[in-house]
Student: 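The structure is given below, and queries will be raised subsequently.
This one's a predicted model, so the numbers in the text were calculated from it and none came from an experiment. Note that ligands are numbered from 1 as they come in the structure, with each ligand's atoms numbered from 1 the same way.
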Amino acid sequence: MEPARPSSDGPREIVEYNFQRAADRLALDSEMRTLLSTPFREVRVEVPVRMDDGSLRVFVGYRVQHSGVRGPSKGGLRYHPDTDLNEVRALAAAMNWKTSLVNIPFGGSKGGIAVDPAELSTRELERLTRNYVRRIHLLLGPYRDVPAPDVNTNAQVMTWIFDEYSAHHGYTPACVTGKPVELGGSQGREAATGRGVFYITEAFLKDLGMPLAGARVAIQGFGNVGSNAARFFAEAGAKLVAVADVRGGVFNQEGLDILPLLAYARTQRTVAGFAGGQAISNEDVLESECDVLVPAALHCVITRHNAGKIRAKVIAEAANLPTTPEADEILAQRGIHILPDILTNAGGVVVSYFEWTQNLTQMFWEEDRVNAEMHKILIRAYQQMAELAAREKIPFRTAAYTVAVDRVARAERLRGT
Ligand code: NAD
């Protein structure tokens, strides 16, 4: 029996629904379902920060480790005013299915602090990060749980985590990934998620017989993932017709000029107002006429309210959990292909795995090797998903979750939980 579609559009419902669909296909019993869908550990901590003006503010931080059965938990840290335990739980579970799908030796976790980092100075952000680490460092570590960048965090934030963790435990570069190359970061990590989005889309368009050169691409979100994906698509000859970030968007059906756009976004910290196209809203980007739509901002942006209006032929999910189950169904009926998040945005965690490996061995790789190994891992997972989807006549998402959930269930059984 199909699991009932959730009536709520929250991230937790999305990941739970997709998990249950896979569990049905695998005929998992209720004990195994409970085991696999219950987070291993959750923490909520207060994070006090002495502000530059001398006042004290107290933020709330979270870390959820969904599972460590296949290896240490692995997952990003997000700074966002709307972050809460429910969101972090959902993202931790999604990470767990992602690391399993691409078959790297990690479980899944996620962290977040409810804060608008734009309101904090650099020093305040550093104090926030260090105080968060002080409260949870006993739960972190190279063989326990390894954070990485996510929304509004970057290589500088990862450096503070590395430094603070090492102050308590001794020099431990493998405790966090996404560090600058100077401090043990991997070549290619910064661009890895966007590059992976490109690799997966490239492979799928080839199978579809749709040329990448000249394909019209629209991207929502122009941060680390969106801007890097934009660059790789443009370099391959695709036409970037629309981009948007939280402050607005820009559209040009002849194609936006990528280098001036990247330079503008770097200096202005937004794409809104870029002179090479017309202004459009961030919602309009999702509904713009294009071949490939790349949601690369936040979760739950493609819902029953706008799924009927999306005009892309392919949706390459760079953000985590961007599409609700109801939207999935509408898009399937309309023949729109979806490349699911747990595969499409996995390039980041794959290169984080390489960074962790390089830190543990203290042997460093050239960027060409990083990119080639990432390509191999992503394409192997893509083929496994695509073959299962074709054989069983199921959507890519269900196939991806089925491969992922099966692998974790086997590990649970073998370990004899
Ligand atoms: P980022 O902070 O670098 O960029 C986020 C972008 O989204 C910014 O351009 C921001 O303006 C935009 N944005 C935020 N709210 C928006 C809104 N309401 N409407 C439109 N745009 C909005 O973050 P990122 O690291 O690029 O992450 C983007 C997405 O990719 C997230 O869903 C994240 O979980 C996912 N992801 C990131 C990584 C990684 O390696 N950084 C890996 C896998 C998945």
Student: Would you say CZ of R134 has more than 12 non-hydrogen atoms from neighbouring residues, nucleotides or ligands within 6.0 angstrom?
Tutor: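 Yes - once you tally the heavy atoms of other residues, nucleotides and ligands closer than 6.0 Å, there are more than 12.
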
Student: Which of the atoms of ligand 1 are close to V225, meaning less than 4.0 Å from one of its heavy atoms?
Tutor: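 Answer, ordered by atom number: 24 (P), 25 (O), 26 (O), 27 (O), 30 (O), 37 (C), 38 (C), 39 (C), 41 (N).
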
Student: State whether the shortest distance between N or O atoms of G226 and N or O atoms of ligand 1 falls below 3.5 angstrom.
Tutor: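 Checking ligand 1 against G226, no N or O pair falls under 3.5 Å apart.
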
Student: Between E46 and R135, is the closest basic N to carboxylate O distance under 4.0 Å?
Tutor: yes

Student: Give the residue and atom name of whichever protein heavy atom lies nearest to atom 2 (O) of ligand 1, and the separation in Å to one decimal.
Tutor: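 For this ligand atom, the closest protein heavy atom is N152 N, 2.8 Å.
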
Student: Counting the benzene-type ring for Trp, do F198 and F233 have ring centres under 6.0 Å apart?
Tutor: yes

Student: Indicate whether the side chain of K239 and that of N252 have a donor and an acceptor atom separated by less than 3.5 Å.
Tutor: no

Student: Mark up the atoms of ligand 1 that fall under 4.0 Å of a heavy atom belonging to N282, in ascending order.
Tutor: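 Those qualifying, in numeric order: 17 (C), 19 (N), 20 (C).
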
Student: Side-chain donor-acceptor pair under 3.5 Å between Y401 and R397, yes or no?
Tutor: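 Not at all, the side chains of Y401 and R397 share no donor-acceptor pair under 3.5 Å.
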
Student: If you have a sec, work out which protein heavy atom is nearest atom 11 (O) of ligand 1 and how many Å separate them, to one decimal?
Tutor: V246 N, 3.0 Å

Student: Using a 4.0 Å cutoff against the non-hydrogen atoms of D150, which atoms of ligand 1 qualify?
Tutor: 25 (O), 33 (C), 34 (O), 36 (N), 37 (C)

Student: Looking only at distances, can you tell me whether any N or O atom of K110, backbone or side chain, sits closer than 3.5 Å to an N or O atom of ligand 1?
Tutor: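 The answer is no, given that K110 and ligand 1 share no N or O pair closer than 3.5 Å.
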
Student: May I ask you to check whether L298 has an N/O atom sitting below 3.5 Å from an N/O atom of ligand 1?
Tutor: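 So ligand 1 has no N or O lying under 3.5 Å from an N or O of L298.
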
Student: Is a salt bridge present between E87 and R78, judged by a nitrogen-to-oxygen distance below 4.0 Å?
Tutor: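 Yes, this pair counts.
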
Student: Would you kindly specify which portion of V151 sits under 4.0 Å from ligand 1, judged on non-hydrogen atoms: side chain, backbone, both or neither?
Tutor: both

Student: In the protein, which heavy atom is nearest to atom 9 (O) of ligand 1, and how far is it?
Tutor: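 Protein heavy atom at minimum distance: F222 N, 2.9 Å.
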
Student: Salt bridge check, D245 against R269: does any charged N sit closer than 4.0 Å to a carboxylate O?
Tutor: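 No salt bridge links R269 with D245.
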
Student: Please work out which of A318, A229, S352, A297 has its closest non-hydrogen atom nearest to atom 32 (O) of ligand 1.
Tutor: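 It is A297 that holds the nearest heavy atom.
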
Student: Go through the steps for F396 and F204 under the test ring pair (Phe, Tyr, Trp, His ring centres under 6.0 Å), then give the verdict.
Tutor: CA-CA 11 Å; F396 276 173; F204 178 64; 5.6 Å; yes

Student: Between N96 and R70, is there a side-chain donor-acceptor contact under 3.5 Å, judged purely by atom types and distance?
Tutor: no

Student: If only side-chain N and O atoms count, and only distance matters, is there a donor-acceptor pair under 3.5 Å linking Q220 with N282?
Tutor: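 Present: a donor and an acceptor within the cut-off.
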
Student: Please work out, at 4.0 Å between heavy atoms, whether the side chain, the backbone, both, or neither of A296 comes within that distance of ligand 1.
Tutor: backbone

Student: Counting only nitrogen or oxygen atoms and a 3.5 angstrom limit, does G348 reach ligand 1?
Tutor: no

Student: Contact between R78 and ligand 1, counting heavy atoms under 4.0 Å?
Tutor: yes

Student: N320 heavy atoms, cut-off 4.0 Å: which ligand 1 atoms fall inside?
Tutor: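 With N320 as reference, the close atoms of ligand 1 come out as 32 (O), 33 (C), 34 (O), 35 (C), 36 (N), 44 (C).
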
Student: Mind checking whether E283 has a heavy atom under 4.0 Å from ligand 1?
Tutor: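 Judged by the 4.0 Å heavy-atom criterion, E283 does not count as contacting ligand 1.
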
Student: So, Q20 versus E16: side-chain donor-acceptor pair below 3.5 Å or not?
Tutor: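 Their side chains do contain a donor-acceptor pair, which is all the 3.5 Å distance test asks for.
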
Student: Identify, by atom number and element, the atoms of ligand 1 in contact range of R189, meaning under 4.0 Å from any of its heavy atoms.
Tutor: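 Close to R189: 40 (O).
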
Student: Out of S227, G223, G249, G75, indicate the one that has the non-hydrogen atom closest to atom 8 (C) of ligand 1.
Tutor: G223

Student: Which bit of H80 gets closer than 4.0 Å to ligand 1, counting heavy atoms only: side chain, backbone, both or neither?
Tutor: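 Answer for H80: neither.
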
Student: Any carboxylate oxygen within less than 4.0 angstrom of a Lys/Arg side-chain nitrogen, looking at K74 and D145?
Tutor: no

Student: Starting from atom 40 (O) of ligand 1, find the nearest protein heavy-atom neighbour and note its residue, name and distance.
Tutor: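 Protein heavy atom with the smallest distance to atom 40 (O) of ligand 1: T193 OG1, 2.7 Å.
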
